[in-house]
Amino acid sequence: MRYILVTGGVISGIGKGIIASSVGTILKSCGLRVTAIKIDPYINIDAGTFSPYEHGEVFVLDDGGEVDLDLGNYERFLDIRLTKDNNLTTGKIYQSVINKERRGDYLGKTVQVVPHITDAIQEWVMKQAKVSVDDDGAEPQVCVIELGGTVGDIESMPFIEAFRQFQFKVKRENFCNIHVSLIPMPNTTGEQKTKPTQNSVRELRGLGLSPDLIMCRCATALETAVKEKISMFCHVEPTQVVCVHDVSSVYKVPLILENQGVVNYFCQRLNLPVDMRHRKMHTNLSKLLKFFFFSPGFHVSIALVGKYTKLSDSYTSVIKALQHSALAINHKLEVKYIDSADLEPATLKDEPVKYHEAWQKLCSSNGVLVPGGFGVRGTEGKILAINWARRQGKPFLGVCLGMQLAVCEFARNVLGWEDASSTEFYPKSKHPVVIDMPEHNPGQMGGTMRLGKRRTIFKTDDSVMKKLYGGFEYIEERHRHRFEVNPELKHHFEAKGLKFVGQDEEGERMEIIELEANCPLSPVFFVSGHTYFVGVQYHPEFTSRPIKPSPPYFGLLLAAVGKLQSYLAKGCHLSPRDTYSDCSDSSSPETDILELNFPSL
C-alpha cells in the first residue's frame, strides 16, 4: 500500500480536495486501484448537523454516512463508492479511544494524545485504506489522504504528529507528502509572493513532515523565477514545485498535474507498478474536457430556488448533476440562484427591488429546481415558485424537501386544503400532508434521519421517471430526510392527477411524484406538451457522474430545452445532433461519450 498525504498551508479552502481527487484520478488512469480518506479535525462525529454555510453541503454515502463534500469530489472524479469510515474526524477518534478506555483496553495506563490518539489515527487509516471501493472488491493499491484545515491549526496537531510517526511505520518508499500552498499576487505590486509558502513549509518541516511536492495555488501560471525561489527556500527540486493555477473547469486539474510530470514523479518516488502505455482514463478525461471548450453554445438556464444560495458550495452536488446533464445534451448551463425568501410578499414590502429581481430570474428560466433543505425559513417562497412552475407548464424538479413542498402546493391550490403543510413547520395543521417518520428521534439530531441507499419500486410502467431510469422495476438511491409524505392521503392526490409512481418496498413511503401530462387542472401543461413536473424524496445528485448523469436531473434539462418528448419517443435515445457531439451516434447519455472525436486543442 502506498500513502499520499495532502496537507494545506496559508489558508483553508485552498483546493486540497480537488488536488487530492486529481492525484487519485491520474493514478487510476495508470491502472492503479485508488481509494481516498478525508480527515476533518473538528470535534463533531460527522457533518450531519452542520449548516451548509459552515462547510458547504453534507454529502451522503451509500451506507448513510453524512460526510464532507470532498468525498463527493472523490466519488465523482474516481467513480468509486466510499463509506462513512473514509471520513475521519477528531470526534470519531476520541470517541473510539474513550470507548476503549471504558472497556478497559488501556487498563492500568494513562490515556494520552501520544501515543493513544496518534496510534488510533494510524490504525484507522491503515485499516480503511484496505477497504475496496470498486465493484470488483479488489484491495486498493494507493490511498490518498487529505488532511483538512491548515498546518499550524491547534486542532490538527494530533494528526500531524500521527503522520510524522506514520511515515516511519510504513517506510519512506511507501509514503509521500503533497503540500498545497497559496501564492498571492497583491494588486498593488502585481508580483507573485512566496513568503507565505516559505513560512508554511517551514512550519510543516518543524512538525516533522517534509513535503515531497509543493503544489502552488495561484491566479495565473507560476513564473520560473518564483518556482526556483520556492525550490531554494523550501528544500525541494524545481521539478517538485507544481503550479496549479485557476482554470475554468476542475476537470482540467488532472491534466495540469499530468503535464508537469506528477505521474512520473510518483512512479519513481513510490516505485508504482504503472504501465504508461495504457492510459485510457487520461484519454477519456482529455476528450471530456475538449467538449467544454468546443461546446456549440446552446444555452439552458435553470432557476435554483433555495435558502442557502449565498454559498454555492451549499449545493455542490446539485450543481454538478446539472452540469453533467447539460453536458449530455450539448448545452451550456446557467444556474440562476434565487433566495426563496425573496419571492415572498414580505420581501415585496420591505425590499421591492430584490423581490422583483428574484421573480424576474424565475420567470426567465427554462426550468425550476427546488433542492433539499431544513427549517421553515423560505418555504413559502419555494411553494410560490412551485405553484408558478405548475401553472405555467415550466419543467420542475423537487428534491427531498422540494418534493414535499410540491405536495403541499398541490394540496393547497388543487385540493383546496388552505392550511396544508408539513408537521416540521406547522405541527397543528388540520391537513398534515407531510409528517414525521415513525423512527425519527426528536430528542437526538445526529444520525437519526432516514439515511443512505434505499430501494424505490416503480408502481406503473407509464412513468416518465421509469423510462428515464431505463425501464428498471426498481432503483436504489441515497436518502437524507426526517419527514415523509403522509401515505394516508395518497388517494386524494392521485384522484386529481398527482401520481406517486415510486414507493418504497413496503409501499408505505412515497418516493417519486409525477403530475399527469393531461391533468385537466393544468391546461398549460397539456397544451404546451410539457410533461415534467417531478419530485423525488431521495437525493439523485449524489450518484451523478460526468459521463453518467442522474436521470431526474437529465429529464429536467431535456424538458427545459424541449427535447424530453422526442427523447422518450425514441426509446430514451438522443439523436446525434442532440448529444455530446455531431460525430456521435450514441443513444444514451451514459454511453459512448468517451469514444467521440473532438477537435484537438
Side-chain angles (χ1 to χ4, degrees), residues 1-17 19-21 23-24 35-47 50 54-55 65 67-71 74 82-100 111-131 142-172 174-181 200-215:
M1 176 66 67
R2 273 75 165 184
Y3 300 90
I4 299 174
L5 174 66
V6 180
T7 56
V10 185
I11 61 172
S12 60
I14 199 170
K16 297 187 299 296
I19 288 175
S21 302
V23 167
T35 186
I37 295 174
K38 172 66 188 295
I39 296 176
D40 288 302
Y42 46 67
I43 299 176
N44 303 64
I45 298 297
D46 58 32
F50 283 150
E54 286 286 319
H55 296 274
V67 297
D68 186 86
L69 61 83
D70 278 321
L71 275 81
Y74 302 158
L82 301 173
T83 69
K84 59 186 177 183
D85 287 338
N86 286 88
N87 191 193
L88 178 57
T89 69
T90 295
K92 286 182 179 178
I93 286 295
Y94 273 81
Q95 185 181 59
S96 171
V97 170
I98 290 172
N99 288 341
K100 287 182 179 180
V111 181
Q112 298 174 292
V113 173
V114 180
H116 300 98
I117 296 296
T118 53
D119 283 352
I121 293 169
Q122 295 173 63
E123 290 167 6
W124 191 299
V125 168
M126 294 181 74
K127 179 181 178 181
Q128 194 60 31
K130 296 179 181 179
V131 176
V142 179
C143 179
V144 180
I145 308 160
E146 178 192 348
L147 176 56
T150 306
V151 169
D153 293 344
I154 189 169
E155 59 263 31
S156 65
M157 287 302 182
F159 295 98
I160 295 289
E161 172 59 22
F163 285 107
R164 184 195 68 78
Q165 301 172 21
F166 189 71
Q167 64 185 330
F168 301 111
K169 179 178 290 187
V170 300
K171 308 301 180 185
R172 172 176 165 76
N174 297 319
F175 181 85
C176 181
N177 178 210
I178 297 173
H179 189 62
V180 184
S181 187
S200 178
V201 171
R202 184 183 301 115
E203 183 161 16
L204 182 63
R205 294 183 67 200
L207 295 171
L209 287 174
S210 185
D212 296 281
L213 289 174
I214 299 175
M215 296 201 176

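All values derive from a computational prediction rather than experimental measurement.
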Kindly indicate, with the supporting measurements, whether the criterion side-chain contact (heavy atoms from CB on, under 4.5 Å) is fulfilled by Glu161 and Gln165.
CA-CA 6 Å; Glu161 172 59 22; Gln165 301 172 21; 2.8 Å; yes
For Thr83 and Gln128, which I'm curious about, is there any donor-acceptor pair between the side chains at under 3.5 Å?
yes
Do the non-hydrogen side-chain atoms of [X] and [Y] ever get within less than 4.5 Å of each other?
| X | Y | value |
| --- | --- | --- |
| Thr35 | Val131 | no |
| Cys143 | Met1 | yes |
| Val201 | Ser181 | no |

Quick one: closest heavy-atom pair of [X] and [Y], and the distance?
| X | Y | answer |
| --- | --- | --- |
| Val111 | His116 | CA-ND1, 3.5 Å |
| Ala162 | Thr118 | CB-O, 3.8 Å |
| Asn86 | Ala36 | ND2-O, 2.7 Å |
| Ala120 | Val97 | CB-CG2, 3.7 Å |
| Ala129 | Tyr3 | CB-CE2, 3.8 Å |
| Asp85 | Trp124 | O-NE1, 3.0 Å |

Would the distance check show the side chain of [X] and the main-chain N or O of [Y] forming a donor-acceptor pair, the cut-off being under 3.5 Å?
| X | Y | result |
| --- | --- | --- |
| Lys16 | Gly149 | yes |
| Glu155 | Ile43 | no |
| Asp153 | Thr150 | yes |
| Gln167 | Arg164 | yes |

Give the ring-plane orientation class for His55 versus Phe50, where under 30° counts as parallel, over 60° as perpendicular and anything between as tilted.
tilted
Residue that, paired with [X], satisfies side-chain contact (heavy atoms from CB on, under 4.5 Å) out of [options]:
| X | options | answer |
| --- | --- | --- |
| Leu5 | Phe163, Phe166, Phe159 | Phe163 |
| Asn177 | Leu147, Leu209, Ile4 | Leu209 |
| Val180 | Val151, Val6, Ile214 | Val6 |

Any side-chain hydrogen bond (donor to acceptor under 3.5 Å, both in side chains) involving residues 87-100? Give me the pairs, sequence neighbours left out, ordered by first then second residue.
Asp40-Asn87
Name all pairs fulfilling the side-chain hydrogen bond (donor to acceptor under 3.5 Å, both in side chains) condition that reach into residues 200-214, sequence neighbours left out, sorted by first residue then second.
His179-Ser200, Asn199-Arg202, Asp212-Arg269
Carefully, step by step, assess Glu146 and Asp70 under the rule side-chain contact (heavy atoms from CB on, under 4.5 Å).
CA-CA 9 Å; Glu146 178 192 348; Asp70 278 321; 3.2 Å; yes
Do other residues, nucleotides or ligands put more than 12 heavy atoms under 6.0 Å from Lys169 NZ?
yes
Could you state the interatomic distance from [atom1] ([X]) to [atom2] ([Y]), rounded to the nearest 0.5 Å?
| X | Y | atom1 | atom2 | value |
| --- | --- | --- | --- | --- |
| Leu207 | Thr7 | CG | OG1 | 10.5 Å |
| Ile93 | Ile45 | CD1 | CD1 | 10.0 Å |
| Lys38 | Leu88 | NZ | CG | 11.0 Å |

